[in-house]
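Okay, structure first, notes after.
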Amino acid sequence: MKIRMDVALDPTLGCGQAHRWHKAEDGSWNGVVGDRKIRLVQTDDGFECEGADEAMILDYFRAEDDLDSIYAECASMDDYVAKLIKGCPGMRILRQPHWECIATYILATNANVKRIGMMIENVCREFGDDIGGTYSFPSPEQIVKGCDRICNCRLGFRADRFVEFARKVADGEFDPDSLEGMGYRECVDTLLTIKGVGPKVADCIALFSYGHMNAFPVDARIGNVLKDVYGVEGSYKKLSEFAEKKFGRYAGYAQEFLYHSDFIII
DNA sequence: CATCAACCTGATCA
DNA sequence: ATGATCAGGTTGA
């Protein structure tokens with residue numbers, strides 16, 4: 001199926017916002033979203049897609065976002081970001097499934113990207129369904145049901161938090177869909193009630209799953225950029241407030257460009 | 001509210 | 001080779 005869209009798959013799927021995509025040697029992108037095994041091939045005006053229906057993939061790529069106007073607004077807020085944008089066109093923020101996004105980001109604490117990906121694959125292999133050479137992201141129920149095997153996933157101190165969250169969702173105590181209509185602040189505050197979700201992870205989830213484009217996750221790397229480029233440092237709250245003022249309602253997009261400023265050729 | 005050590009594990013570095 | 005250090009942070013004191 002052919003999808004027409006202003007998008008560059010490499011920065012969008014390779015930037016680290018989603019963890020289950022892998023670029024094959026032939027240049028195609030293979031990944032799993034929920035229980036769908038998907039293959040994408042970049043074309044001049046979008047991409048070729050196998051494994052997902054059109055509505056699902058348009059939703060996942062936030063097809064309603066007009067990159068030109070978003071980039072123009074980001075660029076108008078800051079010269080440095082403006083330069084980065086020119087060097088990295090077609091980068092889109094995704095809309096990841098809520099449960100999957102929260103669960104995976106609970107694993108993303110104090111570990112490097114490689115290990116995060118490894119933990120996620122372990123979880124999928126252990127609890128998910130075999131969907132032909134790879135595994136679906138497990139449901140909360142699948143995790144709860146097999147939680148005595150969690151040690152096989154090598155999650156370390158994250159294991160308890162991960163299982164506890166799965167149990168809460170399975171029990172209906174926490175409903176990821178219920179955050180849908182919330183504003184940014186309420187969404188983040190609700191996410192912060194989850195054990196294993198702190199301010200940085202909450203912002204990642206708000207941005208990558210609930211569409212709060214003003215969210216600006218501050219991790220170690222972004223902290224360095226803010227210090228080196230803008231001369232600001234301090235608490236999460238302080239940096240976060242600086243970013244909100246500096247980059248405006250699309251701060252999340254600005255964050256993505258700043259995060260990868262090392263790799264973007266200006 | 002700000003600060004700080006401890007935390008599983010696997011990779012990297014001395 | 002073997003031990004120290006570090007990595008998309010969060011928690012609890």
Side-chain angles (χ1 to χ4, degrees), chain A residues 11-22 31 84 88 91 93-94 96 100-126 137 143 147-168 174 185 187-210 212-213 215-229 232-243 247 251-264:
Chain A
T12 300
L13 301 176
C15 70
Q17 58 177 319
H19 300 88
R20 300 203 67 196
W21 289 98
H22 172 68
L84 294 174
C88 189
M91 214 290 304
I93 301 274
L94 300 169
Q96 301 180 46
E100 179 172 343
C101 187
I102 301 172
T104 58
Y105 272 93
I106 284 176
L107 302 181
T109 64
N110 196 225
N112 56 41
V113 178
K114 189 174 178 184
R115 184 141 124 71
I116 294 167
M118 199 181 292
M119 289 188 279
I120 293 170
E121 290 312 314
N122 289 345
V123 163
C124 294
R125 190 182 334 106
E126 194 66 41
F137 193 84
I143 293 168
C147 68
D148 56 317
R149 289 179 284 122
I150 193 68
C151 52
N152 296 341
C153 300
R154 317 294 293 165
L155 307 185
F157 61 84
R158 305 161 195 80
D160 289 343
R161 302 166 177 180
F162 186 76
V163 172
E164 181 181 327
F165 179 59
R167 185 165 284 130
K168 277 189 175 177
F174 187 99
R185 196 62 247 175
C187 177
V188 165
D189 285 342
T190 306
L191 289 168
L192 288 174
T193 65
I194 301 167
K195 199 167 294 177
V197 175
K200 186 267 177 184
V201 166
D203 272 334
C204 283
I205 299 165
L207 178 60
F208 299 138
S209 186
Y210 291 99
H212 293 291
M213 307 315 239
F216 188 92
V218 180
D219 55 35
R221 190 159 172 172
I222 283 293
N224 288 332
V225 174
L226 291 179
K227 181 182 168 189
D228 296 344
V229 181
V232 293
E233 49 189 326
S235 67
Y236 191 95
K237 186 175 159 61
K238 181 179 175 181
L239 296 177
S240 164
E241 282 170 359
F242 166 81
F247 304 113
Y253 265 97
Q255 193 265 11
E256 282 306 294
F257 290 111
L258 291 170
Y259 187 84
H260 297 281
S261 51
D262 290 355
F263 305 129
I264 298 175

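A note on names: the letters A, B, ... follow the listed sequences, proteins ahead of strands, and every chain is numbered from 1. Note that the structure is a prediction, hence the values are computed from the model and not measured.
Distance check on atom P: dA4(C) versus dA6(B) gives 15 Å, rounded to whole Å. Atom name P, nucleotides dT10(C) and dA11(B): the rounded distance is 23 Å, in whole Å.
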**Request:** Spell out protein contact along nucleotides 7-12 of chain B as letters: B when the base is contacted, S when just the sugar-phosphate is, - when no protein heavy atom is under 4.0 Å; keep the 5' to 3' order.
**Result:** BBBS--
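The nearest whole Å value for the distance from the CG atom in Asp219(A) to the P atom in dC6(C) is 18 Å. Rounded to whole Å, atom C1' of dG9(C) lies 15 Å from atom CG of Asn224(A). A straight line from CG of Leu107(A) to C1' of dT10(C) spans 13 Å, rounded to a whole angstrom. Ile116(A) has its CD1 atom 18 Å from the P atom of dC6(C), to the nearest Å. Atom OH in Tyr105(A) sits about 16 Å away from atom C1' in dT10(C), given to the nearest Å. Lys237(A) places its NZ atom 9 Å from the C1' atom of dC1(B), with the value rounded to the nearest Å. The distance from atom CG of Leu192(A) to atom C1' of dG12(C) is 16 Å, rounded to the nearest whole Å. Following rounding to the nearest Å, Glu241(A) (CD) and dC1(B) (P) show an atom-to-atom distance of 11 Å.
Annotation: side chain of Ile93(A) is in contact with side chain of Glu256(A) (closest heavy-atom distance under 4.5 Å). Here the side chains of Leu13(A) and Leu94(A) are in contact, with some heavy-atom distance below 4.5 Å. Two residues are said to be in side-chain contact when any heavy atoms from C-beta on lie closer than 4.5 Å; Val201(A) and Thr109(A) meet this criterion. Residues His212(A) and Cys187(A) are in side-chain contact: their nearest non-hydrogen atoms beyond the backbone lie under 4.5 Å apart. Counting heavy atoms from C-beta on, the side chains of Phe165(A) and Ile143(A) never come closer than 4.5 Å. No side-chain heavy atom of Lys227(A) sits under 4.5 Å from any side-chain heavy atom of Val232(A). Considering only heavy atoms from C-beta on, Lys200(A) stays 4.5 Å or farther from Asp203(A) through its side chain.
At the heavy-atom level, Ile194(A) lies under 4.0 Å from the strands shown only through sugar-phosphate atoms. Heavy atoms of Gln255(A) sit nowhere under 4.0 angstrom from any nucleic acid atom. Residue Pro199(A) is classed as a sugar-phosphate contact, given heavy-atom separations below 4.0 Å to backbone atoms only. Note on Ala159(A): nothing from the nucleic acid sits closer than 4.0 angstrom, heavy atoms only.
Looking at DNA chain C, the stems built from 3 or more consecutive Watson-Crick or G-U wobble pairs, each pair with its key distances under 3.5 Å, are B:3-7 with C:9-13, B:9-14 with C:2-7.
Ion pairing between Glu121(A) and Arg20(A) holds under the 4.0 Å rule for side-chain N and carboxylate O.
Applying the side-chain hydrogen bond (donor to acceptor under 3.5 Å, both in side chains) criterion to Arg221(A), with sequence neighbours excluded, gives no partner residue.
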**Message:** Between Asn122(A) and Asn152(A), does the side chain to side chain contact (heavy atoms under 4.5 Å, CB included) criterion hold? Intermediate values first, please.
**Reply:** CA-CA 8 Å; Asn122(A) 289 345; Asn152(A) 296 341; over 6 Å; no
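Remark on DNA chain C: of its neighbouring residues Lys195(A) and His260(A), the 5'-side contact belongs to His260(A), judged by nearest-heavy-atom nucleotide.
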